Peer 1: 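Got a structure for you, written out below as structure tokens; questions coming shortly.
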Amino acid sequence: MVTPDAELMEASLIAGAEAGLELRFALFDKFFTAWPDRRADFLNLDAASRRMTDETLEMMMGLAKEQKQWVWPQVAELAFTHRNFGQLPWVEYESWIALTIETVAEAAGANWNSETEAAWIRQGERLKALITEARIGWDEVMPGHVAGRLSPH
């Protein structure tokens with residue numbers, strides 16, 4: 001389904017692509033500036049940066065297109081996978097989504113406006129709600145499971 005948010009978001013992504021920008025480089029520079037200790041968690045930064053950037057953008061676009069039926073399982077899987085790095089602080093998820101939006105805004109340049117920003121923020125909030133739901137769900141069905149082991153509670 002094409003929604004107004006999806007149209008605005010897609011236009012901003014196209015503008016960035018037409019400018020020849022690859023979002024992942026700027027996004028990961030920002031992320032590692034904010035979270036320098038996380039760099040060591042990326043054994044193959046090239047692969048991870050492609051996947052994480054693409055998946056974040058796809059999930060937000062999927063939500064904007066009202067396609068939660070495929071977004072939700074992907075979010076749930078990613079929330080479980082992230083448990084292997086320990087219980088990541090919530091602020092890192094919030095930061096990642098905010099930095100993604102900031103990076104898209106910079107790439108879109110003159111094609112970014114308040115309506116586009118509002119669309120991205122709305123979908124970012126929806127994605128954060130799904131991540132929260134997934135994290136809570138995994139904690140309920142696998143209490144104490146972090147980094148491939150059961151930790152004492």
Side-chain angles (χ1 to χ4, degrees), residues 1-17 22-39 41-42 47-108 111-148 150-151 153:
M1 167 191 293
V2 177
T3 66
D5 277 6
E7 287 178 348
L8 290 165
M9 292 166 68
E10 186 173 305
S12 64
L13 290 172
I14 290 170
E22 192 164 349
L23 297 175
R24 69 187 176 109
F25 296 123
L27 177 53
F28 270 78
D29 284 347
K30 292 171 189 286
F31 183 74
F32 290 140
T33 297
W35 307 101
D37 293 342
R38 282 291 173 213
R39 185 179 294 273
D41 291 333
F42 292 89
S49 66
R50 291 173 194 273
R51 181 176 178 191
M52 286 178 61
T53 302
D54 290 350
E55 287 177 339
T56 303
L57 296 171
E58 288 168 357
M59 289 184 289
M60 292 173 76
M61 283 299 300
L63 291 171
K65 292 179 178 182
E66 299 301 331
Q67 297 174 344
K68 185 179 173 186
Q69 72 277 7
W70 70 260
V71 175
W72 167 244
Q74 186 171 359
V75 169
E77 177 188 348
L78 291 172
F80 181 78
T81 300
H82 285 152
R83 291 169 66 91
N84 290 322
F85 298 100
Q87 188 64 285
L88 300 178
W90 177 247
V91 69
E92 288 185 28
Y93 287 95
E94 290 181 311
S95 174
W96 176 259
I97 292 168
L99 293 172
T100 299
I101 295 168
E102 179 182 311
T103 303
V104 172
E106 291 169 359
N111 290 307
W112 189 264
N113 57 43
S114 61
E115 292 84 15
T116 303
E117 181 174 24
W120 278 99
I121 290 172
R122 273 190 294 277
Q123 301 315 316
E125 292 300 316
R126 291 180 71 194
L127 180 56
K128 287 191 280 187
L130 289 180
I131 293 168
T132 297
E133 183 179 345
R135 285 172 49 128
I136 291 169
W138 285 119
D139 287 346
E140 288 173 355
V141 298
M142 297 183 77
H145 176 266
V146 176
L150 289 176
S151 58
H153 269 326

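As the structure is a prediction and not an experimental result, all values here were calculated from the model.
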Peer 1: Atom OG in Ser49, atom CZ in Phe31: separation rounded to 0.5 Å?
Peer 2: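 That separation rounds to 12.0 Å.
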Peer 1: Given side chains that start at C-beta, do those of Leu130 and Met59 come closer than 4.5 Å, heavy atoms only?
Peer 2: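 Contact flag for Leu130/Met59 side chains = no.
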Peer 1: Any ion pair linking Glu58 and Arg51 (charged N to carboxylate O, less than 4.0 Å)?
Peer 2: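 Here Arg51 does not pair with Glu58 in a salt bridge, since their nearest N and O are not under 4.0 Å apart.
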Peer 1: Ring centres under 6.0 Å, that's the criterion: do Tyr93 and Trp90 meet it?
Peer 2: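 Ring centroids of Tyr93 and Trp90 are less than 6.0 Å from each other.
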Peer 1: Using every non-hydrogen atom in the two residues, find where Asp5 and Ala119 come nearest and quote the distance to one decimal.
Peer 2: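 Residues Asp5 and Ala119, closest heavy atoms: OD1-CB, 3.3 Å.
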Peer 1: Can you name the nearest heavy-atom pair linking Ala34 to Ser95, along with the distance?
Peer 2: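 Between these two residues, the closest heavy atoms are CB-OG, 4.3 Å.
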Peer 1: Distance check, rounded to the nearest 0.5 Å: Met60 atom CE versus Ile121 atom CD1?
Peer 2: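 These two atoms lie 9.0 Å from each other.
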Peer 1: Quick one: are Glu55 and Glu77 in side-chain contact, heavy atoms under 4.5 Å?
Peer 2: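 No, every pair of side-chain atoms sits at 4.5 Å or beyond.
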Peer 1: Using side-chain heavy atoms (C-beta onward) and a distance below 4.5 Å, is Thr56 in contact with Leu27?
Peer 2: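 No, side chains not in contact.
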Peer 1: Supply the atom-to-atom distance Trp120 CH2 to Met61 CE, rounded to the nearest 0.5 angstrom.
Peer 2: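 Nearest 0.5 Å value for the CH2-CE distance: 6.5 Å.
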Peer 1: Can you list everything that forms a side-chain contact (heavy atoms from CB on, under 4.5 Å) with Asn113? Sequence neighbours excluded, please.
Peer 2: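 Glu115, Thr116.
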Peer 1: Distance from Thr3 atom OG1 to Met9 atom CE, nearest 0.5 Å?
Peer 2: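 If I round to the nearest 0.5 Å, the distance is 8.0 Å.
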Peer 1: Quick one: pull up CD in Glu94 and CD1 in Ile131 and give me the separation to the nearest 0.5 Å.
Peer 2: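 The CD1 atom of Ile131 is 9.5 Å from CD of Glu94, to the nearest 0.5 Å.
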Peer 1: Counting C-beta onward and ignoring hydrogens, is there a side-chain heavy-atom pair between Val104 and Trp112 closer than 4.5 Å?
Peer 2: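 Yes, side chains in contact.
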Peer 1: Do Ile14 and Asn111 have side chains that approach each other closer than 4.5 Å (heavy atoms only, starting at C-beta)?
Peer 2: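 Side-chain contact under 4.5 Å: no.
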Peer 1: Find out whether Leu99 and Glu102 are in side-chain contact, i.e. whether some heavy atom of one side chain is under 4.5 Å from a heavy atom of the other.
Peer 2: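 Yes, close enough: below the 4.5 Å cut-off.
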Peer 1: Determine, for Glu125 against Arg122, whether the closest basic-nitrogen to carboxylate-oxygen distance falls under 4.0 angstrom.
Peer 2: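 So Glu125 does not pair with Arg122 through a salt bridge.
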Peer 1: Can you tell me how far OG1 of Thr100 sits from CD of Gln123, rounded to the nearest 0.5 angstrom?
Peer 2: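 It comes to 14.0 Å.
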Peer 1: Taking C-beta and beyond as the side chain, do Met52 and Trp96 meet within less than 4.5 Å on heavy atoms?
Peer 2: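 Heavy-atom side-chain distance check passes, below 4.5 Å.
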Peer 1: Applying salt bridge (charged side-chain N to carboxylate O under 4.0 Å, His left out), name anything that partners Glu92, two or more places apart in sequence or on another chain.
Peer 2: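 Counting only residues at least two positions away or on another chain, Glu92 forms a salt bridge (charged side-chain N to carboxylate O under 4.0 Å, His left out) with Arg38.
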Peer 1: Tell me the closest heavy-atom pair linking Ala79 and Ala134, and the distance in Å.
Peer 2: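 So the minimum-distance heavy-atom pair works out to CB-CB, 3.6 Å.
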Peer 1: Please find the pair of heavy atoms, one from Ile97 and one from Gly124, that lie closest to each other, and give the distance.
Peer 2: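 Closest pair (atom of Ile97, atom of Gly124, distance): CG2-CA, 3.8 Å.
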